[in-house]
Number of protein chains: 2
Amino acid sequence: MRFEAITIKDIATALGLSTSTVSRALRDSHEISVETKKLVRAYAEEHNYRPNPIALSLKEKRSRSIGVVVCEIANSFFSQIINGIESIAYDRGYNVIISQSHESYKREVIDLNYLASRSIDGLLISVSMETTNFDHLKSLHNKGLPIVFFDRVVDEIDTHKVIIDNSTGAYNATVHLIENGFKRIANINISEHSFIAQGRLSGYKKALQDHNVPIDEKLIRYCEHGGQDYAELEREMDALFAQKKKPDAVFAGSDTMTMGILRYFKSRKMRIPEDIALVGFSNSENADLLQPALTVIKQPAFEMGKKATELLLKVIEAKRPDKDFENFVLPAELVVRESSERKK
Amino acid sequence: MRFEAITIKDIATALGLSTSTVSRALRDSHEISVETKKLVRAYAEEHNYRPNPIALSLKEKRSRSIGVVVCEIANSFFSQIINGIESIAYDRGYNVIISQSHESYKREVIDLNYLASRSIDGLLISVSMETTNFDHLKSLHNKGLPIVFFDRVVDEIDTHKVIIDNSTGAYNATVHLIENGFKRIANINISEHSFIAQGRLSGYKKALQDHNVPIDEKLIRYCEHGGQDYAELEREMDALFAQKKKPDAVFAGSDTMTMGILRYFKSRKMRIPEDIALVGFSNSENADLLQPALTVIKQPAFEMGKKATELLLKVIEAKRPDKDFENFVLPAELVVRESSERKK
DNA sequence: TATTCACCCGATAACGATTGCGTAAAAAAA
DNA sequence: TTTTTTTACGCAATCGTTATCGGGTGAATA
């Protein structure tokens, strides 16, 4: 079952012209007479002619499509980013091919191979949490594939990057907890190796230092898989609460983990914020409807997608390689709700 | 900045062969000698040769990509469906181009034009809530584009369809409310014209009839835009509660509306389920974390995406058109939680 | 009258890969 | 030895489009 469309050749034979003439007429070349143009345009319009993008791609050596790799699209933060990406790509005539790594390094490598073989013009990627070796990305980058990193970026590759100000976001959240009277603030973070976790950890530590709260390394824990796997999160939480000096607040380092921790507390009948306060990174639209309404650090995901795409298209459409790369930093916003209410 | 890959021609000149020989060697043709094959394969391997999919598409008149149109990807139900779609498409070597209609008819038409111009091999679509005229779809279908509908299907177009058993889902939810002692059960539904709303409404009515609860048309309301726009939902809810005989339970017809209604109740300080019970269609992963934990009708979204994709690929890859179309119906599952607890 | 331009258009090659057909050389059969 | 067959490869067309080059016609200029 195939779906056949009208071609320039069809128009040419129908009107007794050559394909070159038809092509030029449609592109409004000055070397075609006004009558011929009219004739061709009318026929094309009538038969709903659309240039074959595949033929164009082959000729122009560009596919007008960009690849996107994220860990998971069923995650508010990333689906909002994708909305931002699509909003720009769509306007500029690019289509977007989305792949999910599901936080697996292996899957990320496969995804990239696949995208490269689909001859994408450029790549937008937020690397998986498992990824510590970046050779697959370096190799593509060296071959000249335009790449823009967003959110989880790779320091060692020199290109545009769009990130959240993780450090300030974490700082503000931690300060907020300190000011509300919490003393033992735990930090459950994503993979220790990740760029994101490092920023968030530094903001957390700086806030404690600035307020003369001692840093207790036992209150800092990491989930290598970012809490995609609830069992992993549960293990880390159990370890955290098995300690003698228990935390009175938890600051969570990702959307999935924030929800997972909330689930953990509820299952253990821990009252929030009376027994334990909770603040976390989250872009859920419904954080205000949760029990309790959650204090979150919200990230400008849509803007991030937009900005990353704009930068990528700039590189793709640049006549000559530009070595002047941007490191664009977007602010995170603290939204205060019940889950971090002042200790009585 | 362009990203150049090795071609068959490069291999041919490097080895002093013709492109035909190289092509045949790579496809393991019997008319190429064993040594030549070895030579070519080794060179291709070493230089990481990948056939150019665009050139193949042009030759084979197929793009190995399928278009997907949904209203919104930042919606658990649809992002889970997309996960299902990708899981199959990926394995079969197809890539997926996703477009969002944002529940706008106009945008849906633009999306389809765009996808058609990108020469997709097939289309998976859940039509927008605004869409009542299906000419844009009929036209593509008549031109031979393989289409499979999912969730929000179009009756008048004869092709494969994958739907949820909306009627039974709604029936079970309504019966559950009746059995828990609720008497005046309102139904807030999506656009009245939609296939989905009709199924859900019929299940709702049947449940009332089977239990001798009178049907009160004043308790049935529709949101044309499906609650994407909170103001619209608010207007309908205000109208519902402005009545003398107020409802004691609400059954909501979509994910967005369920969340919107919960927000509405909370903002009016209405207690759930004491003042008003709530049950709704929702695929949110976190319905159990809400206040109160929400009784939902959960749909097998991932399965739906898988099934629809399998059917589409069957049509695309069929040698000859098959007129025997499936109407695949998936069950919805009622998950009981606090928001519909028995009246004291 | 001869030359020079515009003007308008067609033929051809190219993008990368596949494929039917043709053919030289080697091997097998007569 | 001659003829036939087999082996192993190259040529060229094709998919749809555009860029380059070249050419014919008629009018304006020398």
Side-chain angles (χ1 to χ4, degrees), chain A residues 2-41 43-44 47-65 93 116-121 143-144, chain B residues 2-41 43-44 47-65 93 116-121 143-144:
Chain A
R2 214 47 47 78
F3 163 66
E4 309 271 358
I6 183 176
T7 72
I8 271 195
K9 198 185 282 182
D10 297 330
I11 302 182
T13 51
L15 300 180
L17 292 168
S18 76
T19 57
S20 349
T21 305
V22 174
S23 171
R24 274 186 282 241
L26 290 171
R27 335 198 97 245
D28 203 19
S29 159
H30 62 276
E31 31 180 357
I32 301 296
S33 71
V34 184
E35 306 97 79
T36 309
K37 279 185 194 169
K38 258 193 210 159
L39 205 70
V40 172
R41 290 226 193 95
Y43 191 92
H47 292 76
N48 198 31
Y49 168 78
R50 295 269 174 277
N52 181 324
I54 295 179
L56 283 176
S57 290
L58 184 58
K59 189 116 188 59
E60 295 176 6
K61 295 189 164 215
R62 61 200 322 248
S63 59
R64 285 203 158 267
S65 63
S117 84
R118 302 294 311 193
S119 54
I120 51 171
D121 291 346
K143 277 187 197 156
Chain B
R2 212 50 45 81
F3 164 65
E4 310 271 358
I6 185 175
T7 72
I8 268 196
K9 197 185 284 180
D10 297 331
I11 303 182
T13 52
L15 300 180
L17 293 168
S18 76
T19 58
S20 358
T21 305
V22 175
S23 172
R24 275 187 274 246
L26 290 171
R27 333 195 97 247
D28 203 19
S29 160
H30 61 274
E31 31 180 356
I32 302 297
S33 72
V34 184
E35 306 98 81
T36 308
K37 279 185 194 170
K38 257 193 209 158
L39 207 69
V40 171
R41 290 227 193 92
Y43 192 93
H47 293 76
N48 198 30
Y49 168 79
R50 295 270 173 279
N52 181 326
I54 295 180
L56 283 176
S57 291
L58 185 59
K59 187 114 189 56
E60 295 176 8
K61 294 190 166 217
R62 61 197 328 245
S63 59
R64 285 202 159 265
S65 63
S117 85
R118 303 289 317 190
S119 55
I120 51 171
D121 290 346
K143 278 186 196 154

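Predicted model only: the values in this text are computed from it and were never measured. Naming convention: chains lettered A, B, ... in sequence-line order (proteins, then strands); numbering from 1 in each chain.
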Tightest non-hydrogen contact, residues A/N48 and B/K143, listed as ND2-NZ, 3.6 Å
Kindly indicate, with the supporting measurements, whether the criterion side-chain contact (heavy atoms from CB on, under 4.5 Å) is fulfilled by B/V22 and B/L15. CA-CA 9 Å; B/V22 175; B/L15 300 180; 5.6 Å; no
Does A/K61 have a side-chain nitrogen or oxygen under 4.0 Å from the phosphate oxygens OP1 or OP2 of C/dG16? yes
Give the nucleotide from the list C/dT18, C/dG16, D/dG16 with an atom nearest to the side chain of B/I8. C/dT18
Which atom of B/Y49 lies closest to which atom of B/L26, heavy atoms considered: CE2-CD1, 3.6 Å
Measure CD1/B/I54 against P/C/dG16 and give the value in whole Å, please. 10 Å
What verdict does the side-chain contact (heavy atoms from CB on, under 4.5 Å) test give for A/I11 and A/I6, after you've listed the backbone C-alpha separation in whole Å, the side-chain angles of each residue and the deciding distance to 0.1 Å? CA-CA 8 Å; A/I11 302 182; A/I6 183 176; 4.0 Å; yes
Just how far, in rounded Å, is P of D/dG16 from NZ of A/K9? 6 Å
Nearest-Å distance, CG (A/D28) to P (D/dT18)? 13 Å
Close side-chain approach of B/D10 to B/Y43, heavy-atom, < 4.5 Å: no
From CG of B/D10 across to C1' of C/dC15 the rounded distance in Å is 12 Å
With the sugar-phosphate defined as primed atoms, P, OP1 and OP2, and the base as all remaining atoms, what B/S/- string results for nucleotides 5-11 of chain D, 5' to 3', for protein heavy atoms under 4.0 Å? ---BBBB
Shortest non-hydrogen contact between A/P53 and B/R118, atoms and distance: CG-CA, 3.6 Å
Rounded to whole Å, the CD1-P distance (B/I11 to C/dT18) equals 10 Å
Does A/S23 reach a base, just sugar-phosphate, or nothing at all? Heavy atoms under 4.0 Å. base
Measuring to OP1 and OP2 of C/dG16, would you say a side-chain N or O of B/Y49 lies under 4.0 angstrom away? no
Spacing between A/L58 atom CG and C/dC15 atom P, to the nearest angstrom: 9 Å
What pair of heavy atoms forms the shortest contact from B/D121 to B/R64, and how long is it? OD2-N, 2.7 Å
Nearest whole angstrom, please: distance from the P of D/dA19 to the NZ of A/K59. 7 Å
How close or far is atom P of D/dC15 from atom CG of B/L56, stated in whole angstroms? 16 Å
